[in-house]
Amino acid sequence: MIKFFPVTYKKLYNYFGPQRWWPAKTPFEVMVGAILTQNTSWQNVEKAIKNLKKHKLLSPGKLNKLKNNSLALRIKPAGYYNVKAKRLKNFIDFLFKEFGADIGKMRLAEPLDLRKKLIAVNGIGQETADSILLYALNKPVFVVDAYTRRILCRHGKAKKDAAYEEIQGLFVKNLRNNAKLFNEYHALLVRLGKEFCFKNDPQCKECPLK
DNA sequence: CACCAGGCAAGTA
DNA sequence: TACTTGCATGGT
């Protein structure tokens, strides 16, 4: 990422320090969170996850047996709860059918092949699939989200309607193919976006990097 | 009150 | 392919 993009990993890391993503205790919790956080603040997702834990529902087996509307009730704070209940169940179905709900077995899958299969699940798009691959399974896949896109656009490095793969390719081509690096870099971009790169303010705040 | 948040799918032309 | 709309809570 030398010279392509001024918001380098090094600058971000030196300024913000390690972000220690994903904020979850188990890979399965990461996967559930990845679906719940679609277009939703993490704060709201935390409430939903906490509810699931409180009712001892945070496992593939328990969620599999739960009815959609019961699940919707538990994840209500995360918003879009009816859609997300279906999406979670679709994902759980996939986990059972493809891997017998064994995350260890899932981890053995070839990443790009698994990515295609995840995206084929209704409710899982590119970002959610990549978040699962990177943050739950530790695969070197770069995650592109709204902040990543916005920061690149503001620096004139991408058009605002650029395809996902196009944005992703910019990072992949310019970085070592390393899961730890991808993990921290994306988390740092989100951190920067949250604090300094606002949607309604094209000027942003004064960027602390440079 | 308005706006936003770690998207995605389905419908339309 | 390229728009548009529905989904929904909670924080600022």
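FYI, side chains are in, hydrogens and waters are out, and symmetry mates aren't considered; it's all heavy atoms of this structure. From a predicted model like this one, the values you see are computed outputs, not experimental measurements.
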Tell me whether Asp93(A) is salt-bridged to Lys89(A), with the criterion being a basic N under 4.0 Å from an acidic carboxylate O.
no
Determine whether Arg154(A) and Val7(A) make a side-chain contact, defined as any pair of heavy atoms from C-beta on separated by less than 4.5 Å.
no
Are Met106(A) and Leu118(A) close enough that some pair of their side-chain heavy atoms sits under 4.5 Å apart?
yes
Between Glu166(A) and Lys159(A), is there a salt bridge with N-O shorter than 4.0 Å?
no
A side-chain contact here means heavy atoms from C-beta on lying under 4.5 Å apart; do Ile151(A) and Phe5(A) qualify?
yes
If the P atom of dA8(C) is compared with that of dA10(B), how far apart are they to the nearest Å?
14 Å
Covered region of DNA chain C, 5' end to 3' end, by chain A [heavy atoms, under 4.0 Å]
dC7(C) to dG11(C)
Looking at Ala78(A), is its backbone amide N or carbonyl O close enough to the side chain of Lys84(A) to form a donor-acceptor pair, meaning the two atoms are under 3.5 Å apart?
yes
Within residues 82-95 of chain A, find the residues that approach DNA chain C with a heavy atom at under 4.0 Å, and present them sorted by residue number.
Asn82(A), Val83(A)
To the nearest angstrom, how far is Arg150(A) atom CZ from dC3(B) atom C1'?
12 Å
Apart from Tyr80(A) itself, residues in the same hydrophobic cluster as defined by side-chain heavy atoms under 4.5 Å
Val83(A)
Going through the distances and angles, do Glu46(A) and Lys50(A) end up as a salt bridge (charged side-chain N to carboxylate O under 4.0 Å, His left out)?
CA-CA 6 Å; Glu46(A) 281 183 315; Lys50(A) 203 170 171 184; over 6 Å; no
Taking Leu188(A) as the starting point, is it possible to reach Leu209(A) by hopping between hydrophobic residues whose side chains are less than 4.5 Å apart?
yes
When rounded to the nearest Å, what value does the distance between P atoms of dT5(C) and dC3(B) take?
16 Å
Assign each of Tyr81(A) and Lys47(A) the nucleotide of DNA chain C bearing its closest heavy atom; nearer the 5' end lies the nucleotide of Tyr81(A)
Under 4.0 Å from any atom of DNA chain C, heavy atoms only: list the residues of residues 151-164 of chain A that qualify, in numerical order.
none
Would you say the side-chain atoms of Gln38(A) pair up with the backbone N or O of Gly123(A), donor to acceptor, closer than 3.5 Å?
yes
Ignoring hydrogens and geometry, is there a side-chain-to-backbone donor-acceptor pair from Asp130(A) to Val141(A) under 3.5 Å?
no
Under a 4.0 Å heavy-atom cutoff, the residues of residues 25-39 of chain A touching DNA chain B are Thr37(A), Gln38(A), Asn39(A)
Scan Ala146(A) against the nucleic acid and name what it touches under 4.0 Å (heavy atoms): base, sugar-phosphate only, or nothing.
sugar-phosphate
So, do His55(A) and Lys62(A) sit near enough that their side-chain heavy atoms are less than 4.5 Å apart?
no
Taking all non-hydrogen atoms of both residues, which atom of Leu12(A) and which atom of Leu189(A) are closest, and how far apart?
CD1-CD2, 3.9 Å
Short side-chain to backbone donor-acceptor contact, Tyr135(A) and Asn183(A), under 3.5 Å:
yes
Answer yes or no: is there a side-chain heavy-atom contact under 4.5 Å between Thr148(A) and Gln168(A)?
no
Does Asp145(A) reach a base, just sugar-phosphate, or nothing at all? Heavy atoms under 4.0 Å.
sugar-phosphate
Rounded to whole angstrom units, what separation is found between the OH atom of Tyr147(A) and the P atom of dC4(B)?
11 Å
Donor-acceptor under 3.5 Å (Lys180(A) side chain, Asn138(A) main chain):
no
The correct set of residues in residues 121-136 of chain A placing a heavy atom under 4.0 Å from DNA chain B is Val121(A), Asn122(A), Gly123(A), Ile124(A), Gly125(A), Gln126(A), Glu127(A), Thr128(A)
Atom-to-atom span, CD of Gln43(A) to P of dC3(B) - whole angstrom:
21 Å
